[in-house]
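Bear in mind the structure is a predicted one, so any value in this text is a computation, not a measurement. Residue numbering restarts at 1 for every chain, and letters A, B, ... go by the order of the sequence lines.
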Amino acid sequence: MTTLTDKPTAATGEPGSARSLVDTVFRAREISIAGALVLLILCTWIANPRFLDSQGVKDLLLNASILVLLAIGQSVVVVTRNIDLSVGSVTGLSAFACGKFVADTEHGVLITLLLGVAIGLACGLVSGALVSFGRVPALVVTLGMLYIIQGLDYWWASGDQINAAQVPEAILHLGSGSVLGVPYLPLIAVVLLALTTYFLRGYRSGRELYAIGSNPEAARLAGTPMRRRVLGAYLFSGAVAGFAGALWLARFGTVVADNAHGYELTVVSAVVVGGVAITGGTGTAWGAALGALLVTTIGSALVVLKVSSFWQGAITGALLLAAISADRIVNLRMTAALRKRSARHGHGA
Amino acid sequence: MNQPETGGAPVLALRDVSKSFGAVRALRDVSLQLFPGEVHALAGENGAGKSTLIKTLAGVHRPDSGEVLLDGRPVTFAGPADARDAGIAVIYQEPTLFPDLSVAENIFMGRQPRRGLGRIDRAAVRSTTEDLLKRLGVALDPDRLARGLSIADQQIVEIAKALSFDARVLIMDEPTAALTGSETARLFSVVRALEAEGAAVLFISHRLEEIFRLCARVTTLRDGRFVSSEPLEGLTEDDLVRRMVGRDLGELYPKQKAKLGETALTVRRLTREGVFHDVSFEVKRGEIVALAGLVGAGRSEVAQAVFGVDRADAGDVEVAGRKLPKGSPTAAMEAGLALVPEDRRQRGLVMAMSIERNIGLTGLGKLGRGGLVRRALEHGRAADWAVRLQLKYNRLADPVGVLSGGNQQKVVLAKWLATLPAVLIVDEPTRGIDVGTKAEVHRLLSSLAADGLAVLMISSDLPEVLGMADRVLVMHEGRLTAEIPRAEATEESVMAAATGRERAAA
Amino acid sequence: GTTKNDAKNDAGGAAASSAKADPNAPLKKNLKMAFLPKQINNPYEKIVDDAGIAAAKSFHGTAKEVGPSDASASSQVSYINTLIQQQQDAILVAANDPNAVCGPLKQAMKQGIKVVSYDSDTAKDCRQIFINQASSEDIGRSLIQHIGKQIGYKGKIAILSATQNATNQNTWIDFMKQELKDPKYKNMKLVKVAYGDDDDQKSFQQTQGLLQAYPDLKGIISPTTVGIAAAARYLDDSSYKGKVVLNGLGTPNQMRKYVKDGTVEQFSLWNPENLGYLGAYAAAALASGQITGAQGDTFSAGKLGKFTVGKDGEVILGKPTVFDKTNIDQFHF
Amino acid sequence: MAMAPDTRSPAPGAAGKAEPPLTAGLRAKSLALRWDTAVVALLIAVFLVGLGTTDGFSGGGNLAFAFNDISEVALIALPMTLLVVAGEIDLSVGSMLGFSSALAGALWNAGWAFETIVPIVLVVGILGGLLNGWLVTRVGLPSLAVTIGTLALYRGLASVVLGSDAITDFPSKYAAWTANTTTLPGTFLTYPIVLFIVLAIVTAFVLHSTSFGRSLFAIGAQEDAAFFAGIRVKRYKLLLFVLTGLLSAFAGIVFTLRYGSARADNGTGYELLVISAILLGGIDFDGGKGTLAGAVAGILLIGVLRNLLTLNDVPGEVQTVVTGLLLVASVLTPRIIGAVTERRQRRAASAAAATT
Ligand SMILES: Nc1ncnc2c1ncn2[C@@H]1O[C@H](COP(=O)(O)OP(=O)(O)OP(=O)(O)O)[C@@H](O)[C@H]1O
Ligand SMILES: Nc1ncnc2c1ncn2[C@@H]1O[C@H](COP(=O)(O)OP(=O)(O)OP(=O)(O)O)[C@@H](O)[C@H]1O
Ligand SMILES: [Mg+2]
Ligand SMILES: [Mg+2]
């Protein structure tokens, strides 16, 4: 027998240290976005201190709120390896419907919000039922729903417009008012974010969403009620979109049929920038929220930095690409480092 | 061994169950009874319908006719969840893990212990997982992601998952196919403990000695039909084989003596940091070299780096004296290298594609001129190899995904053998292949070697290694630790090197 | 190769009509005409077109509104083709792009269909008449004059426009810049033209950005109904309310709230209903042979009285109305 | 209980010839159950309905117009089909079209010769495709994410090069090539459509009869397995992104000439139109499935249907709804048919089992 080596190498790295490394790698996704966000805000602030005065902060938060809401809703769907392209249309429809509902009458805030949620739920129900029970590709179905809802919205509105003057003061107050200096909308977004995160992390059904996205076939064999969960995800995303529509009315006062038109791609890019894998199974709601914050902040910062309007689009695109590439490259580097540092540690040999 | 008490009623049974997939009749009037406190084997060739049977028991498939009986009463499982709730735990043939979730979450998905307000009790999930893994004797980190686990580790997680149920019925579809001796032994002791606690166990394996070691009764299927159900006591391996294949088998490891030619494959100081180090070896024409080692020793990684699907950090690979460029499987194939990967579902086959197209995939350049693909040639190539490997299929245009596991493995082999390689690397070539076919595969490898093919065979099946190899290379923790000629290769010497005890042995 | 200079010369001549105008010809009955707005869902265009459709009814013609739901240059083209196939008597178009619609419009004219542009003009040889809401020069210059007066001819101003390519907006902005060259504006500085794409939310955010980027901004001109409403709304509940002057073009319904609560002092607009009304009559006059689109042709437009075709086939509706606290309650559109 | 027969019955199919023959009837049936066939049928039906019910549908150059009107979408859809079959997607095509148009306009305005502009624009299209492909294959980002980014980037670059200008007066000798009034003599086929037909035939051939096409299906269905089979996955994908960029840029030139107007916002929203057209044609977004004939039928269906509905004064919003419904139907119908046949088969199987 030939001996090729005199001593077997000892496994390097303790299981514990390797784990914390793994953890860091995956937490890094959110951390790196948060870092980019802070950097962006700091740079802009140095260039123009008004960016962070009280009005500036308020604007920043208000701008991001609706996108953050939509991104949270979308992230829950994307985690299950599906997508909801109809969110823009749903938001638009709900905003218009709520506008019609309150125009020149005295409907309360709560009932209006509920109406928005109900409309969103209805749309989510259709998309979700088609995706989960019809077992058809989500992209196609929700693209179809995008067109259907948009068409219905346009047809119904036929050029109508609801003006801020027609909207009850109480509703407008929800969009612009604040408590202790913090506007309502960001508060609502934070509450929803906390609830969603809590649910996704701490509940069986939340974890099952990840399972479905990670390996649908395995989830089926594990007896996960897939249809119900996927339907649930769509209902959630729909309800959030509907809710966002009602808030849209509150925030902007003026609504026409094509509110939030084309918003779906912004929402999806926010979610992706936020580290939610489009292939399902990974990502968090707060990552998505950070992504949304980053996307809107880029937009606001460019204006504040007096970047020419003609350059804004190109720079936004380049920054988006830079953000996702950097995230990916950091991730790859860390994984490679992890491989080299911890040779097999987990085996009983 | 425990015999079922004659008075005891079966916990779970099938009565006259039939199941067809389109034109394929996977099960025809099959009956089976599982008694508490019994380990029951299910035997049959590839495609005999074993997996279909257990999927019927597990509520994945609904039978076309016949019924599933639980505690003697007919039940209808609407889905796997129903079966699970009825106390049936299943390990499927192919690992069904969630790559993005931790090992612990994989084990407890949908059944996590809960605290107040229905929240998941993370600490309990983690500690229970640790206990389970300890029981199986593996040091897997419960918090590590399932992505990147070797097939063996995946299988271990599956086993841990099934054990965590405390099920009344445990069904295991080839749980040992990816395991080596020590892990298998540990699994068996766990199964015996369950048996003693009164659980019913249904066990499928193509390794007959395992069946004889573990089980009390065996039910045999052939071509979807019930053949027999009887105690194993008094049965010989040959009897069982005859029940399965309907005839006697020849020699199990038909190793032909081959004349060694010039060196076909040279691997020099190949290193991939953190995975394997300084691996050097040669394979000559006509030689079968086995690469043995414990699960996770890095054998598959070496194979992949040699073939170029993984990039090595250092070292080089030569085929017939020509150095291969790094990281290019295409170049490796042109040089005459072929790799039958270990994970056939992800890497070996395109599951949604037809059998003929899968086989044609490795020879797209040769199926016509100027980039054209001539379907007749493609069909011919596939039909030819299907016959040579005795593939069991309905139509060559069927998607390969509907084949039984063993037959899928044959398609992978066919796909690579059809390239007429000079060096063939096979990673676990007979995993999940029935005895009959296994012998055929061995005969095939052996005769190919005799015709001058150089074969590097990675296998966790020790008898296979000993029976087939001219030379055994052993890896331990990413390094080659021993090179053992055929004459000196014994179970002890290989295991000693594989577990790092080789210095003492040498 | 072929360069711009070669191409200049080969532009085909317009389908110059050889027919002579007959000012006394009666308006034909049962004329079929179609309004093709920039975008079918634009509330302002809707007001214009509805008035036009009603006007057509009054002279026993039929009119309809067709059009794309997005304001892109190309999407109007397929509608023009369809209108040709349907053999309409006249097409009234508010062009999203002066040139993109040219080819099909020329085809239409070749087939005897009369083409009237309104609100936003096409290239001159692609239509017979352009109904201009007010002379572009008037609009542009008067907006600067108004805001100059409001801020005391001193300080920075910005413009919040619609899309970067909107022809009418760009023409007005050009005139604004010319007006600013007058020495009396020497202390006023146009610092930025921002684009809100006629999207409510985008305009809103652009306003926000403008105010942050130029904290000492004194005034904003938004010559678009969507933009001015969004800007007013932002100012209304921001700390800039009362400090920054907003002027521009808006509809009374949208702006009423902000005029009343003091966010906006004044803004202007022509009467969109009259624009549609005049468009319908002009198209009918063309189709009936009363006019050919040549300079000097005259026609009568119902309740609005007589109009004369000016240079380049332009017919001007009149001066814009300035709306403020005192008169806004008299208008409802 | 049956005991073991002592001879091994040959496995069905093991003899190669024992394969059950695909009868013509069976083949026809399985063909009829496929969505791409349904789209072709639907296209023909819509066409016939149009001929029968709508004046002006077939006459006066309307068909030439109707088809010419979708020529850019159709041209981009061809490489996009390949891309989707290989499991990727490119959402930046509309922006690339706009960028190409804007660039052509800017250069034209600067006095460049049109003959020089075209190759430059095409090279830019290739570069754009390379960037997409590089980010996807080398950096390893999902194409949906990458191309949402380049969608913004290319559109932004378009507005950088051209600002708010609209450039006109393109040479009429080239513009005539794209006009719907210039057709192949005696037909209603305009030159862009003729080009599309030629390219579609080439693409169909490449996709369905060459090793390249075969590889694309493998890549789309299971990338790992394709890579392990020695297929140059990354290179092929890169090539497809480049082709898509190239054709988008070319479509930008066609667009510019056809409308005689170069603007930064040309082709806004085309990405979803292209995607819907090919998804409608039964190309599976998950990759690995679909036929080019289906994709072409999907494109033409959208064009013809839109024309027909507009001719009948069906408002745009209803057309939007119809497009949406068709998309949903395109994926739902095969599923329903599948479920129904499966149920029928299961019933037949259990009936057969009961009688044995
Ligand atoms: N989903 C399916 N669709 C069509 N045919 C199927 C399907 N699943 C199994 N089959 C067919 O049913 C038969 C029995 O397959 P099964 O997987 O039960 O075999 P097995 O006994 O488990 O074989 P192995 O030992 O190779 O795993 C095979 O001919 C297989 O091709
Ligand atoms: N795709 C992967 N990503 C990350 N780690 C991997 C991957 N594949 C294998 N590993 C790890 O690399 C090590 C070596 O695995 P490898 O599969 O080469 O071992 P092996 O000796 O072939 O054993 P097996 O019998 O399981 O094939 C193991 O620790 C395994 O967990
Ligand atoms: Mg099996
Ligand atoms: Mg291995």
Evaluate Thr254(A) against Arg233(C) for side-chain contact (heavy atoms from CB on, under 4.5 Å), listing each step before the verdict. CA-CA 9 Å; Thr254(A) 304; Arg233(C) 217 172 47 250; 3.0 Å; yes
Under a 4.5 Å heavy-atom cut-off, does chain C meet the side chain of Ser54(A), its backbone, both or neither? neither
To the nearest 0.5 Å, atom CE of Met255(C) lies from atom CG of Asn163(A) at 10.0 Å
Output all residues satisfying ring pair (Phe, Tyr, Trp, His ring centres under 6.0 Å) with Trp172(C), sequence neighbours left out; order by chain, then residue number. none
With chain A, the option among Ala194(C), Pro215(C), Ser239(C) that has the most non-hydrogen atom pairs under 4.5 Å is Pro215(C)
Residues 168-175 of chain A vs chain C, non-hydrogen distance cutoff under 4.5 Å, contacting residues -> Glu169(A), Leu172(A)
With only heavy atoms counted, which part of Ala257(A) is less than 4.5 Å from chain C, the side chain, the backbone, both or neither? side chain
For residues 239-252 of chain A against chain C, heavy atoms under 4.5 Å, the residues are Trp248(A), Arg251(A), Phe252(A)
Under 4.5 Å between any side-chain heavy atoms of Lys192(C) and Lys306(A), yes or no? no
Let me know if Tyr44(C) has heavy atoms under 4.5 Å from chain A in its side chain, its backbone, both or neither. neither
How long is the straight-line distance from CG of Leu62(A) back to OG of Ser238(C), given to the nearest 0.5 Å? 11.5 Å
Could you tell me whether Trp270(C) atom CH2 has more than 12 heavy atoms of other residues or ligands within 6.0 Å of it? yes
To the nearest 0.5 Å, how far apart are OG1 in Thr251(C) and CD in Gln161(A)? 6.5 Å
Return the option, out of Ala229(C), Ala213(C), Gly209(C), Ala232(C), with the maximum number of heavy-atom pairs under 4.5 Å with chain A. Ala213(C)
What part of Gln312(A) gets within 4.5 angstrom of chain C, counting heavy atoms only: side chain, backbone, both, or neither? side chain
Taking side chain as everything from C-beta outward and backbone as N, CA, C, O, which of these in Val191(C) sits under 4.5 Å from a heavy atom of chain A? Side chain, backbone, both or neither. neither
Heavy-atom pairs under 4.5 Å with chain A: which of Lys260(C), Glu65(C), Lys257(C) has the most? Lys257(C)
Non-hydrogen atoms of chain A under 4.5 Å away: do they reach the side chain of Ile47(C), the backbone, both or neither? neither
For the interface with chain C, which of Val303(A), Asp59(A), Val304(A) has the highest count of heavy-atom pairs at distances below 4.5 Å? Asp59(A)
Counting only heavy atoms closer than 4.5 Å, note whether Val307(A) contacts chain C via side chain, backbone, both or neither. backbone
Comparing Ala157(A), Ser158(A), Ala47(A) against chain C, the one with the most heavy-atom pairs below 4.5 Å turns out to be Ser158(A)
Mind checking the CD1-CD spacing from Ile162(A) to Gln254(C)? Nearest 0.5 Å is all I need. 11.5 Å
Part of Glu45(C) lying under 4.5 Å from any heavy atom of chain A: neither
Tell me yes or no: between the side chains of Asn63(A) and Gln208(C), is some donor less than 3.5 Å from an acceptor? yes
Kindly write out the residues that satisfy side chain to side chain contact (heavy atoms under 4.5 Å, CB included) with Asn274(C), not counting sequence neighbours, or none if the list is empty. Asn271(C), Lys303(C), Leu304(C), Leu317(C)
